[in-house]
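Remarks on the structure that follows.
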Amino acid sequence: MPETDPLTWARDHTPVLESLREEFGESQPLSGYTVAFASHLEAKTGVAIETLHAAGAEVLFAPSEPQSTHGDVVDALEAHDGITAFAWEGMTDAEFDEAQHDLLEHEPDFILDDGCELIAKVHADHPEVAANVIGGGEQTTAGITRLEAMDEEGVLAFPVYGVNDTPMKHFFDNVHGTGESALTNVAITTNSLVSGRDVVVCGYGYCGRGIARKARGMGAQTIVTEADPRKALEAHMDGHRVMDMDEAAEAGELFITATGNRDVIRERHFERMPDGAVICNAGHFDVEIEVGALEALAEKTTTPKEGITRYHLPDGRELNLLAEGRLVNLTGPYSQGHPAEVMDTTFAMMFTAAYDMLADGTDLDPGLYTVPDRLDRAVASRKLDTLGLSTEGLTDRQQAYYEEWEHPDSSF
Ligand code: NAI
């Protein structure tokens, strides 16, 4: 049997993380710090954890979703001294909770989070630990929403960078990563075409617009539902059909939620859906599809294929739910999360958040912060370098033109 390392392929396709390991492997700027890392524990996350460790950090890691952990990745990481797992494959929701509390009792200096579970728990249940945390970073939209609420209430005990809100994160990870990986996993789980189908995408934010554009690129007829009138208009002008959820429930065949909100598809919508509809979620938490209502409507459930739960309704219709309504691109039986190339820059931004506060001397008061633009540009430049692409350098006259308001050379 050839030797296998579950991180090899991810390492091969994350050149920005490789450049960080090369740059900081010797100087070890994170040495002496303990960094907690919560994310979906699959191969790319493994490489991100290796990168923090290579830069000198002791790393404690836990999942950000109980069902997305890959056991071989956990085992490979645990083989390193200075990396400790609070995770295993097949955790229950209660074990997930307990493991996160265990991690926090090890008193991390910095918390890199995905969904704000660790950061919320440290504030709610371990205030003495929170008081000594230097800072944090948050990777996803759902986590930013929670952090905004914490910031608003003035309860944050340390500064947190909103990594999700950087252009280098949401323009690539949310749009292209979620777009491709959600559809890939729908196609693999159902072994059915996306092409030619009526696909309803709920939410036209960064993730939803990526899913809708890519579904159309695959030949689907796309329908978008939105709560924000500007996003609804954008979806219309991008060429998608826009309707409310009642109408979309009747018109769609495949439904994908990506809103960061709850009960987006609920009882009244299940009642309108056609026989054979396929329903799944790409939002962070498993609350976007009201699964309890579907269970209550059904006479029985069966499993026609791994990863698919079929709800048999009394009127004879059968509705198919993928991955139990959890993140379809991360928790289905074949799910591997986003393509490595986008996680390369997402995790480089997370590394940068930790580096900036721990090693570069940035000292901030407690609160939620935008990552400085110069750090975002630096990761973009690293990525372009790895792709062998260059940007246009501005001449002095061009730079000056941006900075002046009188425009003396204009002819009008
Ligand atoms: P976003 O804030 O850019 O977009 C969400 C959109 O949903 C907004 O335009 C909002 O108006 C709309 N919306 C809210 N309630 C709605 C409803 N009831 N019906 C229709 N539209 C509604 O957020 P983004 O970045 O697109 O993230 C969406 C979710 O996806 C979040 O939970 C985020 O954490 C998650 N996410 C998942 C990833 C994955 O790997 N599957 C990757 C990145 C983010």
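Whatever order the structure lists ligands and atoms in, that order sets their numbers, starting from 1. Predicted, not measured: the structure shown is a model, and the values here were computed from it.
- Applying the ring-ring contact (aromatic ring centres under 6.0 Å, His included) criterion to H269, with sequence neighbours excluded, gives no partner residue.
- Within 4.0 Å of ligand 1, protein heavy atoms belong to T140, T141, A142, K169, D173, N174, T178, G203, G205, Y206, C207, T225, E226, A227, D228, K231, A258, T259, G260, N261, V264, A282, G283, H284, L327, N329, L330, H338, listed by chain and number.
- The backbone N or O of M168 sits less than 3.5 Å from a side-chain atom of D376, completing a donor-acceptor pair.
- Legend: salt bridge (Lys or Arg N to Asp or Glu O under 4.0 Å) pairs involving residues 55-76, not counting sequence neighbours, sorted by first then second residue: E65-R326.
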>> As a quick check of understanding, evaluate salt bridge (Lys or Arg N to Asp or Glu O under 4.0 Å) for R382 and E23, giving each step before the final call.
In response: CA-CA 12 Å; R382 269 184 200 266; E23 183 171 343; 2.5 Å; yes
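- Under the salt bridge (Lys or Arg N to Asp or Glu O under 4.0 Å) criterion, the residue pairs touching residues 129-154 are E117-R146, with sequence neighbours excluded.
- Residues Q67 and M91 approach most closely at NE2-O, 3.3 Å, considering heavy atoms.
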